[in-house]
There are 2 protein chains.
Amino acid sequence: MCDKSIKDLVDHYIHVSFSVNKIAEGMIKEEISSDLTNDQHYTLRYINKVGTCTSSELAEVFDVKKSAITAIITRLWEKGLILRTRDENDRRLVHLSLTEEGDELFRKTEERIQALVGSFIEKFDQDEIVQFLKTYDKLNEILTDRKSRVE
Amino acid sequence: MCDKSIKDLVDHYIHVSFSVNKIAEGMIKEEISSDLTNDQHYTLRYINKVGTCTSSELAEVFDVKKSAITAIITRLWEKGLILRTRDENDRRLVHLSLTEEGDELFRKTEERIQALVGSFIEKFDQDEIVQFLKTYDKLNEILTDRKSRVE
DNA sequence: GGTTAATAGTTAAACAGTTGAACAGTTAAA
DNA sequence: TTTAACTGTTCAACTGTTTAACTATTAACC
C-alpha cells in the first residue's frame with residue numbers, strides 16, 4: 001500500500017517522538033514539580049527498582065558523566081531522600097539507597113504519574129498497545145546494542 | 001494471550017520510552033555537538049520547516065516559557081544563524097528566520113541525523129514501522145488534545 | 001613488597017536551559 | 001484617552017551537564 005521513503009519515515013518518527021516527549025515531560029512536570037524535578041523522580045525510580053546502586057551505574061543508565069550524577073544525588077541527599085553508604089570491603093564504592101522519606105515521596109509522585117500515563121494508555125486496544133511496546137522494545141534493543149558496540 | 005494489567009503496561013512504557021530517549025538523545029548529541037546542542041538543532045528544524053515564526057509560537061511548540069526561547073534564540077543569533085525582523089504592522093512582533101549560514105548548518109547536521117535514525121529504521125519491516133508510527137501518532141493526538149483542553 | 005595502573009567518586013568552573021517576576025513598547029478595548 | 005492585554009526582553013536563581021583536576025582506594029606487575 002504505502003511506499004513511503006526512508007526519509008519520510010525518519011521525518012515522521014523525529015516529528016512525533018519530539019512532540020510526544022515534549023508534551024509528556026511537561027505533563028509529568030506539572031504533576032510532580034512541587035516535590036521533585038523530572039530527572040530527580042527518574043533517579044528515585046531507578047534506585048527504588050534496583051534497591052541499591054552506585055554512581056557509576058547511574059551514569060551508565062542515564063548516559064551522562066559521573067560528575068552529573070554527583071550533582072543530582074547531592075541535591076536528593078540534601079533533601080534527605082537518599083542514603084550514601086561506603087562499602088567496607090571496597091572503600092571506593094558508595095552505595096545509594098532511598099531513605100524512608102525518599103521511598104514515601106517516590107511512591108506519592110509515582111502514583112500520580114501512573115494515573116496520568118494510565119489515562120492515556122487506556123484509550124488503546126490492549127492488542128494495539130502490546131504491539132506498539134513490542135516494536136518499541138525492539139528499537140530499544142537495537143539502540144542499546146549499537147551503543148555498547150560503540151563504547 | 002497476554003492479560004497484562006494497566007500498571008504493567010504503564011511501567012513497561014515508562015521504562016522503554018525513558019531508555020530510548022536517553023540513548024537517542026546521546027547519539028544525536030554525539031553526531032552534532034561540535035556545531036550545535038540538540039535543542040538548538042530542534043529550534044533550527046522548526047524554523048526551517050515553517051519558514052518564519054515568532055517567539056511565542058516557539059514557546060507553545062516547545063512547551064516552555066517565552067523567556068527560555070529568548071535565551072536560546074539569542075545564542076543562535078549570536079552565532080549568526082538566525083534573523084530577527086520586527087513586524088512593521090504590529091511592532092510588538094519579531095519574526096524569526098534562518099540566515100544563509102543557519103540554513104546551511106541545519107542541512108549539514110540534519111543530514112547526519114537522518115543517516116543515524118535511518119540506519120535504525122531500516123532494521124524494521126515497513127509494515128511494522130508504519131503500524132508503530134500510526135499508534136505513536138494516535139498517542140500524540142491524545143496528548144495534544146488533552147494539553148489544549150487543560151490550558 | 002613497592003611502584004605503577006586503574007577505578008570510584010568529588011570538586012570547581014563554565015555553560016545551556018529553565019522559571020518567575022519585573023519591565024518596555026505596542027496595540028486593542030472601554 | 002485611559003486602561004487592559006499582548007510580545008518580547010532582562011535579571012536572578014536554579015537544575016543539569018561537561019571537562020579537568022584532584023583524593024582515596026584497590027589491582028597489577030616486576
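Letters A, B, ... mirror the listed sequences (proteins, then strands); counts begin at 1.
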NA contact type, [X], heavy-atom cut-off 4.0 Å: base, sugar-phosphate, or nothing?
{"X": "A:T74", "result": "nothing"}
{"X": "B:T70", "result": "base"}
{"X": "B:S67", "result": "base"}
{"X": "B:N89", "result": "sugar-phosphate"}

Ignoring the backbone of [X], work out which of [options] is nearest its side chain.
{"X": "A:D90", "options": "C:dG9, D:dT19, D:dT25", "result": "D:dT25"}
{"X": "A:R92", "options": "C:dG9, C:dG20, C:dA8", "result": "C:dA8"}
{"X": "B:S56", "options": "C:dA21, C:dG17, D:dT7", "result": "D:dT7"}
{"X": "A:K66", "options": "D:dT7, C:dA8, D:dG16", "result": "C:dA8"}
{"X": "A:K29", "options": "C:dT19, C:dG9, C:dA16", "result": "C:dT19"}
{"X": "A:V64", "options": "C:dA16, D:dT18, D:dT10", "result": "D:dT18"}

Under 3.5 Å for both donor-acceptor distances, Watson-Crick or wobble: does [N] have a partner, and if so which one?
{"N": "D:dA12", "result": "C:dT19"}
{"N": "C:dA30", "result": "D:dT1"}
{"N": "C:dA5", "result": "none"}

**Prompt:** Salt bridge check: are A:K138 and B:E128 linked by an N-O gap of less than 4.0 Å?
**Reply:**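 Yes, A:K138 and B:E128 are salt-bridged.
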**Pair A:D87 + A:R92, salt bridge at N-O below 4.0 Å** =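 No, no charged N to carboxylate O under 4.0 Å.
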**Positive for salt bridge (Lys or Arg N to Asp or Glu O under 4.0 Å) with A:D35, one of A:R107, A:K79, A:R112** =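 So the option named by the test is A:R112.
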Nucleotide [N], atom [atom2] - distance to [atom1] of [X] in whole Å:
{"X": "B:L58", "N": "D:dG8", "atom1": "CG", "atom2": "P", "answer": "9 Å"}
{"X": "A:D87", "N": "C:dT7", "atom1": "CG", "atom2": "P", "answer": "17 Å"}
{"X": "B:I82", "N": "D:dG8", "atom1": "CD1", "atom2": "P", "answer": "13 Å"}
{"X": "B:W77", "N": "C:dA16", "atom1": "CH2", "atom2": "C1'", "answer": "18 Å"}
{"X": "A:D39", "N": "D:dT18", "atom1": "CG", "atom2": "P", "answer": "11 Å"}
{"X": "B:R86", "N": "D:dG8", "atom1": "CZ", "atom2": "C1'", "answer": "7 Å"}
{"X": "B:N38", "N": "C:dC15", "atom1": "CG", "atom2": "P", "answer": "19 Å"}
{"X": "A:I69", "N": "C:dG9", "atom1": "CD1", "atom2": "C1'", "answer": "12 Å"}

**Item:** Conformer about C1'-N of C:dA8 - syn within 90° of 0, anti elsewhere
**Value:**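 Base orientation relative to the sugar is anti.
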**Item:** Donor-acceptor under 3.5 Å (B:N21 side chain, B:S17 main chain)
**Value:**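 Yes, B:N21 side chain to B:S17 backbone: donor-acceptor pair under 3.5 Å.
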**Request:** Would you kindly compare B:S55 and A:E88 by the position of their nearest DNA chain D nucleotide and give the one closer to the 5′ end?
**Result:**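 First, find each residue's nearest nucleotide; the 5'-ward one identifies B:S55.
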Looking at [N], I'd like to know if its phosphate oxygens (OP1 or OP2) sit under 4.0 Å from a side-chain N or O belonging to [X].
{"X": "A:K65", "N": "D:dG16", "answer": "no"}
{"X": "B:R75", "N": "C:dC15", "answer": "no"}
{"X": "A:R91", "N": "D:dT26", "answer": "no"}

**Request:** Kindly say whether the aromatic ring centers of A:F18 and B:F62 come within a distance under 6.0 Å.
**Result:**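 Ring centroids of A:F18 and B:F62 are less than 6.0 Å from each other.
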**Item:** Which residue lies more 5' along DNA chain C, comparing A:H95 with B:K79 via nearest heavy atoms
**Value:**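 Upstream on the strand: A:H95.
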**Request:** Start with the C-alpha gap between B:Y42 and B:F106, add the side-chain angles, then the distance that decides, and say whether ring-ring contact (aromatic ring centres under 6.0 Å, His included) holds.
**Result:** CA-CA 9 Å; B:Y42 292 140; B:F106 169 69; over 10 Å; no
**Prompt:** Which heavy atom of A:R84 sits nearest a heavy atom of A:T74, and at what distance?
**Reply:**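 For A:R84 versus A:T74, the nearest heavy atoms are NH2-OG1, 3.1 Å.
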